[in-house]
K.L.:
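So that we are looking at the same thing, I have put the structure below in structure tokens.
The structure displayed is predicted, hence computed values, not measured ones.
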Amino acid sequence: MTSTAAVPPPRATYRRLSVEERRAQLLLAALGLFAHRAPDEVSLDEVAVAAGVSRPLVYRYFPGGRQQLYEAALGSAAEELTLCFTEPPVGPPTERVARVLDRYLRFVDEHDTGFSALLRGGSVVETSRTTTIVDGVRRAAADEILRHLGRMGGPGGRPAGPRLRMTVRSWIAAVEAASLMWLDDGKQPAAAELRGWLVDHLIALLAATAATDPETAEVVKDLLALETSAGPAGQLAERVIPVLAEAAHLLPVPPASD
């Protein structure tokens, strides 16, 4: 009887990573840890284990240690979060904002603990550089919303005035605060319900500012011309107009005619 020698299994092919690929690998591992734990609770040893590399290798790429790694990971997360607000200028503006918020809340959901630590501050690794990164996300988000409102300047564009820009920036702050409260409350209500409320909030803020700011009034007029009865603005109008009708007695009484 002829025996057949066992054929050894093929050896796994090892591919040497480029500098950029290795750095991206380490950042991905760090982001995975920072997503669910406060930054100052994550050690470089844990990052090395998560990435499947040695601790000296982590230091080779980030000689500044945890602080440098955190700032790099934060910058990477900031880019991803900024992309959440990027939306093609297609369709009614409020529907675009709804899609933006869906992506934003998905990011918050997937990076819950890290998101809280990032925005609440107080971490031992928080510096002026990390604060600048976070504020950059807020400004970029506001710029994207203003772009959908037709007020971002540039060739042929019109820059937003101070009242309109303040309105949008205050809404961004409200979105941020609501996201943190949403995490504190166990992600209740459902993300879709929170998104709808935040879109309504933006419409209401713009309408209130439009009452005293001609520029915002023009923006709201242009925005409503693009909306549909089935969209967020139309649904809000259907709900709010009956409520406002109860305030008719607050309107000034016209003088009686002779």
K.L.:
Can you name the side-chain contact (heavy atoms from CB on, under 4.5 Å) partners of Ala140, sequence neighbours left out?
P.N.:
Thr82
K.L.:
With sequence neighbours left out, write down each residue that passes side-chain contact (heavy atoms from CB on, under 4.5 Å) with Ala178, or none if nothing qualifies.
P.N.:
Leu194, Trp197, Leu198
K.L.:
With rounding to the nearest 0.5 Å, note down the distance linking CD in Glu110 to CG in Leu31.
P.N.:
12.0 Å
K.L.:
From Leu83 CG over to Phe107 CZ, what is the distance, rounded to the nearest 0.5 angstrom?
P.N.:
10.0 Å
K.L.:
Could you list the residues that satisfy side-chain contact (heavy atoms from CB on, under 4.5 Å) with Arg169, not counting sequence neighbours?
P.N.:
Asp135, Arg138, Arg139, Ala142, Arg165
K.L.:
Same cluster or not: are Leu28 and Val42 linked, directly or through other Ile, Leu, Val, Met, Phe, Trp or Tyr residues, by side-chain heavy atoms under 4.5 angstrom apart?
P.N.:
no
K.L.:
Show every salt bridge (Lys or Arg N to Asp or Glu O under 4.0 Å) that has at least one partner inside residues 77-92, sequence neighbours left out.
P.N.:
Glu87-Arg99, Glu87-Arg103
K.L.:
Would you mind reporting whether Phe34 and Leu27 have side-chain heavy atoms less than 4.5 Å apart?
P.N.:
no
K.L.:
Considering non-hydrogen atoms only, spot the tightest contact between Ile133 and Ala78 and give its length.
P.N.:
CG2-CB, 3.6 Å
K.L.:
Report yes if the side chains of Leu164 and Val219 come closer than 4.5 Å at any heavy-atom pair, otherwise no.
P.N.:
yes
K.L.:
Indicate every side-chain donor-acceptor pair of residues 45-62 with a distance under 3.5 Å to a residue at least two apart or in another chain.
P.N.:
unit_1, atom_1, unit_2, atom_2, d
Asp45, OD1, Arg55, NE, 2.7
Glu46, OE1, Arg37, NH2, 3.4
Glu46, OE1, Ser43, N, 2.9
Glu46, OE1, Ser43, OG, 3.3
Glu46, OE2, Arg37, NH1, 2.8
Glu46, OE2, Arg37, NH2, 3.3
Ser54, OG, Leu57, N, 3.3

K.L.:
Name all residues meeting the side chain to side chain donor-acceptor pair (under 3.5 Å) criterion together with Arg163; count only those two or more places apart in sequence or in a different chain, and write none if there are none.
P.N.:
Thr212
K.L.:
With a 4.5 Å heavy-atom cut-off, do Cys84 and Val100 have their side chains touching?
P.N.:
no
K.L.:
Return the set of residues passing side chain to side chain donor-acceptor pair (under 3.5 Å) with Gln25 (not counting sequence neighbours), or none when no residue passes.
P.N.:
Arg22
K.L.:
Which heavy atom in Ala210 sits nearest to a heavy atom in Thr216, and how many Å separate them?
P.N.:
N-CG2, 3.8 Å
K.L.:
Could you check whether any side-chain N or O of Lys187 sits under 3.5 Å from a backbone N or O of Trp182, counting only pairs where one atom can act as donor and the other as acceptor?
P.N.:
no
K.L.:
With a 4.5 Å limit on heavy-atom distance, are the side chains of Arg96 and Val90 in contact?
P.N.:
no
K.L.:
So which heavy atom on Leu146 is nearest to which on Ala160, and how close?
P.N.:
CD2-CB, 3.9 Å
K.L.:
Using the test salt bridge (Lys or Arg N to Asp or Glu O under 4.0 Å), find all partners of Glu144 that sit at least two apart in sequence or belong to another chain.
P.N.:
Arg147
K.L.:
Report the residues that fulfil side-chain contact (heavy atoms from CB on, under 4.5 Å) with Leu223, sequence neighbours left out, ordered by chain and then residue number.
P.N.:
Pro93, Thr94, Leu149, Leu206, Glu227
K.L.:
Using the rule that two of Ile, Leu, Val, Met, Phe, Trp, Tyr join whenever any of their side-chain heavy atoms come within less than 4.5 Å, decide whether Leu205 and Tyr104 are in one cluster.
P.N.:
yes
K.L.:
State which residues pass side chain to side chain donor-acceptor pair (under 3.5 Å) with Asp102; sequence neighbours excluded, sorted by chain then number.
P.N.:
Arg195
K.L.:
Consider only side-chain heavy atoms of I, L, V, M, F, W and Y, link residues closer than 4.5 Å, and tell whether Ile145 and Leu226 are in one cluster.
P.N.:
no
K.L.:
Please answer: with hydrophobic residues joined when any side-chain heavy atoms are less than 4.5 Å apart, are Met166 and Val175 in the same cluster?
P.N.:
no
K.L.:
Report the distance from atom CG of Leu105 to atom OG of Ser179, rounding to the nearest 0.5 Å.
P.N.:
5.5 Å
K.L.:
Pairs under 3.5 angstrom only: tabulate donor-acceptor contacts from the side chains of residues 230-242 to other protein residues two or more places apart or in another chain.
P.N.:
unit_1, atom_1, unit_2, atom_2, d
Gln235, NE2, Ala230, O, 2.7
Arg239, NH2, Asp200, OD2, 2.6

K.L.:
Rounded to the nearest 0.5 Å, how far apart are CG of Leu69 and CZ of Arg66?
P.N.:
10.0 Å
K.L.:
Please list all pairs passing the salt bridge (Lys or Arg N to Asp or Glu O under 4.0 Å) test where one or both residues lie in residues 203-224, with sequence neighbours left out.
P.N.:
Arg151-Glu215, Arg151-Glu218, Arg158-Glu218
